[in-house]
Amino acid sequence: PPGAAVVARIATPPSTVAVSLTVFGESWPTIRVADGEWQALIGVDLDVRHGTYVALAHAVGPDDLDSQVTLSVAPKRFRRRVLRVAPAFVNPDPEQQARIASEAALIRDAYARTSTEPLWRTGFIRPVPQPANSSFGTRSVFNGQPRNPHAGTDFLSPAGTPIKAPADGQVVVARDLFFT
């Protein structure tokens, strides 16, 4: 469903030197995990409509090979929350709008970066022991105005709770942001 992560496993001849993968109109980085075995981590965006999509793999080696597989995206209904907040949070002033636009560009640039190393090989863990109190993809309506879907998961934890990185990685943005 939208919002899911899919691990693609691609079998190739051991002599393959690179694999390209395209699905949802985007290229996805692949990594060699063993001779003749490649993987990619694919995120199904929240705006991907349910239906069947074709994933195309191209293996580069002495004999280039192409293959395709279909990927079915099931429909999903996301939770909806209706909140009343101070109007300043729904209708930011011009100075705050400039800050929000600048931060949106910063976040787009951060998301555009991809690592050539698989930083998620060791799996994922919970960042804190407390349960999640929001979920990825939740649709929010603030003071009667629909907003962008929630792009993360929040955990209600006491001040001072140690926070663990959910997976290996590299921090590319760490600052106070207006919305996140």
Side-chain angles (χ1 to χ4, degrees), residues 1-8 23-29 39-53 55 70-115 118-180:
V6 177
V7 176
V23 65
F24 305 127
E26 294 183 49
S27 294
W28 297 89
Q39 288 185 357
L41 183 61
I42 301 168
V44 184
D45 283 339
L46 292 172
D47 59 354
V48 171
R49 298 177 72 79
H50 73 279
T52 302
Y53 295 84
T70 57
L71 180 66
S72 295
V73 176
K76 181 170 182 177
R77 290 185 56 106
F78 290 95
R79 192 173 146 250
R80 185 172 179 259
R81 63 183 180 173
V82 177
L83 303 168
R84 294 210 90 20
V85 298
F89 290 111
V90 180
N91 301 306
D93 64 38
E95 182 179 324
Q96 291 169 324
Q97 288 178 11
R99 175 184 173 188
I100 292 164
S102 171
E103 291 171 357
L106 177 74
I107 292 169
R108 269 193 311 278
D109 289 346
Y111 282 143
R113 297 179 188 194
T114 57
S115 173
L119 300 175
W120 44 269
R121 279 191 189 189
T122 57
F124 295 88
I125 63 168
R126 295 178 62 79
V128 294
Q130 290 78 21
N133 68 339
S134 73
S135 36
F136 181 78
T138 298
R139 285 15 186 192
S140 297
V141 178
F142 289 96
N143 300 354
Q145 298 180 31
R147 293 297 187 221
N148 289 335
H150 189 47
T153 299
D154 300 325
F155 297 85
L156 184 59
S157 301
T161 299
I163 301 170
K164 297 178 182 177
D168 291 342
Q170 179 182 18
V171 176
V172 294
V173 174
R175 64 175 65 174
D176 177 35
L177 301 172
F178 187 86
F179 281 125
T180 52

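Since this is a predicted model, take the numbers as computed values, not measurements.
A search for side-chain hydrogen bond (donor to acceptor under 3.5 Å, both in side chains) contacts involving Arg99 returns Glu103, not counting sequence neighbours.
By the 4.5 Å heavy-atom criterion applied to side chains, Pro149 and Phe136 are not counted as neighbours. Side-chain contact between Arg80 and Thr138 is absent, with no heavy-atom pair separated by less than 4.5 Å. Within the 4.5 Å cutoff, the side chain of Lys164 has heavy atoms near those of the Ile125 side chain.
Rounding to the nearest 0.5 angstrom, the gap separating the CG atom in Asn143 from the CG atom in Asn91 is 8.0 Å. For the atom pair OH (Tyr53) and OG1 (Thr70), the distance works out to 12.5 Å, reported to the nearest 0.5 Å. Distance check, rounded to the nearest 0.5 Å: CZ of Arg139 to NE2 of His150 gives 12.0 Å. In this structure, Phe155 CZ and Arg126 CZ are separated by 5.0 Å, a value rounded to the nearest 0.5 Å. From Leu46, atom CG reaches atom NZ of Lys76 across 8.5 Å, with rounding to the nearest 0.5 Å. For the atom pair OG (Ser134) and CG (Leu156), the distance works out to 10.0 Å, reported to the nearest 0.5 Å.
Counted within 6.0 Å of CD on Gln145, heavy atoms from surrounding residues, nucleotides or ligands total more than 12; the atom is thus considered enclosed. More than 12 heavy atoms of other residues, nucleotides or ligands sit less than 6.0 Å from atom CZ of Phe178. In this structure, Ile163 places its CD1 atom where only 12 or fewer heavy-atom neighbours from other residues, nucleotides or ligands lie under 6.0 Å away. For Glu26, the CD atom sits in a packed shell: over 12 heavy atoms of surrounding residues, nucleotides or ligands are nearer than 6.0 Å.
What you find for Trp28 and Leu41 is that their closest heavy atoms are CE3-O, 3.5 Å. Contact record, Val90 with Arg147: O-NH2, 2.7 Å, taken as the closest heavy-atom pair. The shortest heavy-atom contact between Leu106 and Arg175 is CD2-NH1, 3.5 Å. Listed here is the closest heavy atom pair of Ala132 and Thr153: CB-CG2, 3.5 Å.
With respect to Val23, the side-chain contact (heavy atoms from CB on, under 4.5 Å) criterion is satisfied by exactly one of Val44, Val48, Leu71, Val6: Leu71.
Arg81 and Ser140 form a side-chain donor-acceptor contact under 3.5 Å, judged by distance and modelled atom types alone.
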